[in-house]
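Predicted model, so just to flag it, every value in this text is computed and none were measured. Each chain gets a letter, A, B and so on, in the order the sequences are listed, and its residues count up from 1. Basis for what follows: all heavy atoms, side chains included, without hydrogens, waters or symmetry-related copies.
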Amino acid sequence: MKPKNLSEIPKAYNPSDAEGKWYKYWYDHNLYHSEVDETKVPYTIVIPPPNITGILHIGHILNNTLQDIYIRYKRMMGFNACWVPGIDHASIATEAKVVAMLKEKGINKKDLTREEFLKYCYEWKDKYGGIIFEQLRKLGVSCDWQRERFTMDEHYYRKVIEAFVKLYKEGYIYRGYRMVNWDPASKSAISDEEVFYKEVKGNLWHIKYPVKGTDDFLIVATTRPETMLGDTAVTVNPNDERYKHLIGKTIILPIVGREIPVIADEFVDMEFGTGAVKVTPAHDVNDYEMGLRHNLQIINIFNEDASTNENVPEEFRNLDRYDARKKVVKKLEKLGALLKVEDYTHKVGYSQRGNVPIEPYLSEQWFMKMDELAKPALEAVLKGKIKFHPEHWVKTYEHWMTNIRDWCISRQLWWGHRIPVWYHKKTGEIYCEVDPPADIENWTQDEDVLDTWASSWLWAQDVFTNELDQKYYYPTDLLVTAPDIIFFWVARMIIAGMHFMNDIPFKDVYFTSTVRDTQGRKMSKSLGNSPDPLDLIEEYGADALRFTMTYISPLGQDVHFSNEMVEIGRNFANKIWNAGRFLLMNAQNIEINPELADKHIDFTDRWIISRFNRTLKEFADAIDTFEVNAASKILYSYVWNDFCDWYVELSKERLYKGSEEEKSAVLTRALKLYEEMLKVVHPFMPFITEEIWQLIDERKEGESISIENFPEYDANRIDPDAEEETGFLQEIVTAVRNIRGELSIPPSKNINLLLKSSEVTEGQIRYIKSLVKADKIEVNKNLVKPKASASSIVKSCEIFVPLEGLIDLDKERVRIEKEIERISKSLEGVKKKLSNENFVSKAPAEVVEREKAKQKDWENALEKLESIYNDLKE
RNA sequence: GGGUUCUUAGCUCAGUUGGCUAGAGCGUCUGCUUGACGUGCAGAAGGUCACAGGUUCGAGUCCUGUAGAACCCA
């Protein structure tokens with residue numbers, strides 16, 4: 001080992017210097033490219049492809065940090081690690097952006113041909129599609145950039161089309177005229193999963209519907225009065241005594257004047273509203289089904305943009321649905337048909353993309369039959385072939401999969417994978433193949449494209465573009481994703497995997513926490529509570545942000561994030577930096593000699609090595625069980641508490657006072673241990689660990705900590721004796737420091753120490769002396785307590801700090817009193833337990849033994865404390 | 001309405017198959033220009049584990065109920 005000669009090491013770690021430099025180094029040396037290598041076991045992750053319209057948000061930080069931790073860890077463990085990056089074309093979102101962009105330029109999509117429009121889309125993608133990866137690189141992700149994919153790459157596009165054709169031929173895909181969720185802004189169907197429900201303050205309008213040929217009338221209550229223009233019936237519950245006599249009668253629809261029947265259907269809830277329901281089969285899902293049951297006329301009153309069409313009276317035509325509502329209400333009022341208006345809060349479906357209320361709308365769409373396809377995918381998860389972390393998502397998955405409904409996969413858009421179906425111009429015959437028909441002039445291709453998720457569901461299998469790769473890397477190992485796309489993407493990827501590959505797409509799925517603000521609100525642009533990760537990286541450093549995210553994100557729970565929390569990571573990085581700085585500064589004067597690395601070993605060395613190996617074991621267990629949060633805490637506590645607070649402090653004794661050879665041995669060993677520690681931290685904090693790793697020894701061009709071997713746990717290095725010996729030392733030191741603190745003995749004041757014990761060793765005395773700033777330590781099992789002294793008890797050892805005149809005896813008395821009280825209380829509990837015969841006979845022997853030992857220890861301590869206390873009273 | 005999850009120190013969270021003298025970080029208080037670090041060091045205070053029952057020798061942990069919160073589905 002040959003640490004660099006450093007004239008000056010900054011007191012604080014400066015991330016911005018290190019980050020750009022090392023990312024470029026990794027990138028230039030292509031360190032994270034993976035090729036098929038049969039001699040190595042692959043470990044594969046496919047990135048959840050961000051949307052090309054998307055920019056980096058705090059959720060991406062968590063998600064990609066987790067993936068990077070796993071990929072870096074496995075790479076260092078010797079796996080052939082492959083992390084495939086890529087982006088998603090995002091049909092609806094992108095098309096909306098491009099349309100808006102064109103509009104600003106004064107171009108109307110309608111005036112463009114499909115080809116012209118797609119050209120604009122690709123231009124847009126080239127301009128903005130790569131931004132998010134530039135941002136992710138700032139985070140330090142070790143993706144294989146040579147494998148970057150896009151859902152509309154030629155190979156991938158073809159795979160999507162092949163999948164459609166296969167499913168069509170197998171009978172899973174059909175075309176139908178159905179009620180769909182219509183987004184009137186993008187003028188496209190969307191799937192059930194793309195609808196979210198918002199609570200909206202609205203009204204319940206009570207409208208009077210006259211019964212033909214009588215003075216009688218029915219009152220219907222509705223939240224959407226404008227749809228009455230398309231009513232074709234009124235329904236009551238057949239058991240409703242109030243309305244039985246009206247069933248079969250005819251209503252004259254106000255405004256429109258259409259004659260519509262009163263029908264009976266069990267579906268109607270007698271309790272809701274007035275118990276009489278207007279039926280608009282073309283614009284409500286339940287009404288549509290009722291319409292089918294009763295053979296009702298279906299009148300569509302809206303255009304594609306949800307404005308009223310020619311099926312309504314002339315004065316109401318060409319109005320936006322909300323304008324139509326106002327006008328209808330006004331008219332009803334004028335006609336005396338409006339009885340009352342109530343405030344009413346209800347949930348309204350909105351388009352997730354366009355954020356406009358969706359319109360239930362009848363249209364011809366392509367659907368996928370899901371129930372049969374879902375079965376193997378459900379089984380794969382229930383039988384544990386795919387494991388979810390945390391496991392409880394299995395229930396949500398199961399619930400959705402067992403109640404799965406057919407999937408509307410067509411979208412009335414141009415940007416995306418065009419449906420490979422051609423209609424014969426004369427015969428109307430349908431042709432569905434990957435390649436167009438030979439006599440293309442006689443056919444017209446379906447205008448629609450596929451739902452984006454009907455392309456990204458092949459992501460795990462078709463980012464691999466040749467058979468060899470696919471065979472080697474598939475199934476992938478881990479998918480890290482947000483739980484809100486469990487249905488959209490995770491479930492469908494499993495379905496696709498089982499159907500097309502006859503195998504699972506990934507072995508483990510890690511569902512991340514949802515990042516919220518400190519008030520528990522979701523991060524959103526409109527609330528302005530969403531921090532820009534790039535600002536955070538600039539302020540605190542990428543490592544700090546990465547570490548903080550893992551440190552604060554509990555498994556399976558939402559995380560409450562605020563910018564100041566990143567200080568946790570920044571401070572931790574600084575701690576690591578300064579421990580390194582300490583060793584490097586000493587290396588300027590003390591020779592590093594690898595031959596001495598195993599010389600002058602004492603119990604503190606064996607202790608830190610033991611602790612390190614325990615840490616390795618705990619760390620690996622946490623990573624293997626996907627408890628990343630726990631893993632980060634294990635790291636934190638080893639680095640900060642064990643290594644810095646104790647080991648570095650202990651080492652000073654020998655570093656400053658040892659022989660030249662001892663100094664050399666101690667520093668060499670400490671640097672070695674520090675280097676191993678850096679490797680363990682590296683997957684979490686890649687930049688700082690690389691920066692220091694490059695400083696502590698001479699490295700060749702192309703070498704990197706990121707491709708070093710991860711330290712291996714060695715059970716033989718677990719050393720209970722050294723742990724015991726160091727633990728005893730730590731307890732004594734802490735007890736003395738406690739006395740100093742509690743009795744306000746200034747740190748500048750050196751003390752003498754008397755230890756009444758037969759168990760304290762010479763080795764321990766040396767360290768105690770340096771850690772508590774003692775001039776003299778006397779150890780003797782027959783010591784007599786000096787009168788004016790402070791005391792403490794650690795196991796069998798009594799500690800006395802004689803400080804005539806310097807300690808306040810009243811304070812000391814209170815301190816001992818408190819200690820007596822605390823131990824008495826604990827002792828009481830133990831005694832109570834042990835005097836319970838049931839406990840002694842039924843509890844495991846081991847537990848009983850432990851309680852007995854406690855009793856002995858505490859009784860012992862109490863006896864000593866009481867004697868000390870009596871002594872103080874004199 | 002159905003499902004899932006949560007409620008532990010002022011705040012954010014750990015607490016594995018019940019054995020606990022209930023932990024950590026932040027914040028608070030006291031002291032510290034200690035030859036790595038004030039982004040730090042040393043010490044301290046702070047909790048009838050939401051509430052009520054039950055199972056058990058033993059419950060923060062298991063069961064039932066109540067109250068409150070969040071998310072998903074309809």
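Nearest-nucleotide mapping onto RNA chain B: of A/Arg581 and A/Glu567, the residue sitting toward the 5' end is A/Glu567. Along RNA chain B, the nucleotide nearest to A/Lys395 and the one nearest to A/Asn629 differ in position, and the one closer to the 5' end is contacted by A/Lys395.
Rounding to the nearest 0.5 Å gives a distance of 10.0 Å between CD1 of A/Ile590 and CG of A/Leu671.
Nucleotide B/C37 holds its C1' atom 9 Å from the CH2 atom of A/Trp640, rounded to whole Å. If you measure from atom CD of A/Glu846 to atom P of B/G58, you get 20 Å, rounded to the nearest angstrom. Distance A/Arg822 CZ to B/G47 C1': 16 Å, rounded to the nearest Å. Atom NE2 of A/His399 is separated from atom P of B/C73 by 11 Å (rounded to the nearest Å). The distance between atom CD1 of A/Ile568 and atom C1' of B/C11, rounded to the nearest whole Å, is 12 Å. In this structure, A/Leu584 places its CG atom 13 Å from P of B/A36, rounding to the nearest Å. Distance A/Glu812 CD to B/G43 P: 17 Å, rounded to the nearest Å.
The side chain of A/Asn574 has B/C37 as its nearest neighbour among B/C37, B/C20, B/C57. In this structure, the nucleotide among B/U39, B/A36, B/U4 sitting nearest to the side chain of A/Ala12 is B/U39. Taking only side-chain atoms of A/Asn571, from C-beta outward, the nucleotide of B/G40, B/A36, B/C57 with the closest atom is B/G40. In the set B/A14, B/A24, B/A36, the nucleotide with an atom closest to the side chain of A/Lys652 is B/A36. In this structure, the nucleotide among B/A74, B/A44, B/U21 sitting nearest to the side chain of A/Arg405 is B/A74. Relative to the side chain of A/Tyr636, the nucleotides B/U21, B/G25, B/G43 differ in distance, and B/G25 lies closest. Distances were taken from every side-chain heavy atom of A/Glu649 (C-beta onward) to each of B/C37, B/C13, B/G19; the shortest belongs to B/C37. Residue A/Cys644 places its side chain closer to B/A36 than to any other of B/A24, B/C41, B/A36.
Residue contacts for A/Arg815: at a heavy-atom cut-off of 4.0 Å it reaches no nucleic acid atom on any strand shown. Base contact: A/Pro844 has a heavy atom under 4.0 Å from a base atom. Using a 4.0 Å heavy-atom cutoff across all strands shown, A/Arg737 reaches sugar-phosphate atoms only and no base atom. Using a 4.0 Å heavy-atom cutoff across all strands shown, A/Arg516 reaches sugar-phosphate atoms only and no base atom. A/Asp484 comes within 4.0 angstrom of no nucleic acid atom, judged by non-hydrogen atoms across all strands. In this structure, A/Asp558 reaches the sugar-phosphate backbone alone: every heavy-atom distance under 4.0 Å involves primed, P, OP1 or OP2 atoms, never a base. As judged by a 4.0 angstrom heavy-atom cut-off over every strand, A/Tyr13 is placed among residues making no nucleic acid contact. A/Val559 comes within 4.0 angstrom of no nucleic acid atom, judged by non-hydrogen atoms across all strands. Residue A/Trp400 is out of contact with every strand shown, counting any heavy-atom pair closer than 4.0 Å. When heavy atoms are screened at a 4.0 angstrom cut-off, A/Thr625 is found touching no nucleic acid atom at all. Contacts of A/Lys825 with the nucleic acid, taken as non-hydrogen atoms under 4.0 Å apart, are absent.
Applying the side-chain contact (heavy atoms from CB on, under 4.5 Å) test between A/Val733 and each of A/Leu650, A/Ile768, A/Val794 identifies A/Ile768 as the sole match. When each of A/Ile739, A/Asp775, A/Val801 is tested with A/Leu753 by the rule side-chain contact (heavy atoms from CB on, under 4.5 Å), just one qualifies, namely A/Val801. Applying the ring pair (Phe, Tyr, Trp, His ring centres under 6.0 Å) test between A/Trp393 and each of A/Phe511, A/Phe388, A/Tyr510 identifies A/Phe511 as the sole match.
For B/G58, the OP1/OP2 oxygens have no side-chain nitrogen or oxygen of A/Lys833 closer than 4.0 Å. Between B/C32 and A/Arg740, no contact under 4.0 Å exists linking OP1 or OP2 to a side-chain N or O.
When both pairing distances are held under 3.5 Å, B/A42 makes a Watson-Crick or G-U pair with B/U30.
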**Message:** Walk me through whether A/Glu359 and A/Arg224 qualify under salt bridge (Lys or Arg N to Asp or Glu O under 4.0 Å).
**Reply:** CA-CA 11 Å; A/Glu359 191 62 50; A/Arg224 299 198 60 192; 2.8 Å; yes
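Between the side chain of A/Glu742 and the base of B/A45 there is no donor-acceptor pair of N/O atoms closer than 3.5 Å. One can find a donor-acceptor pair under 3.5 Å joining the base of B/C37 and the side-chain atoms of A/Lys575.
Annotation: B/G1 and B/U8 have their P atoms spaced 27 Å apart (nearest Å). Nucleotides B/G2 and B/G58, compared at atom P, are 36 Å apart to the nearest Å. Separation of the P atoms belonging to B/U64 and B/G47 is 32 Å when rounded to the nearest angstrom. Nucleotides B/C63 and B/U56 have their P atoms positioned 16 Å apart, rounded to a whole Å.
At a cut-off of 3.5 Å, with distance as the only test, a side-chain donor of A/Ser744 or A/Lys811 sits close to an acceptor on the other residue.
B/G35 has A/Tyr656 stacked on its base ring, the centres lying under 5.5 angstrom apart and the planes within 30 degrees of parallel.
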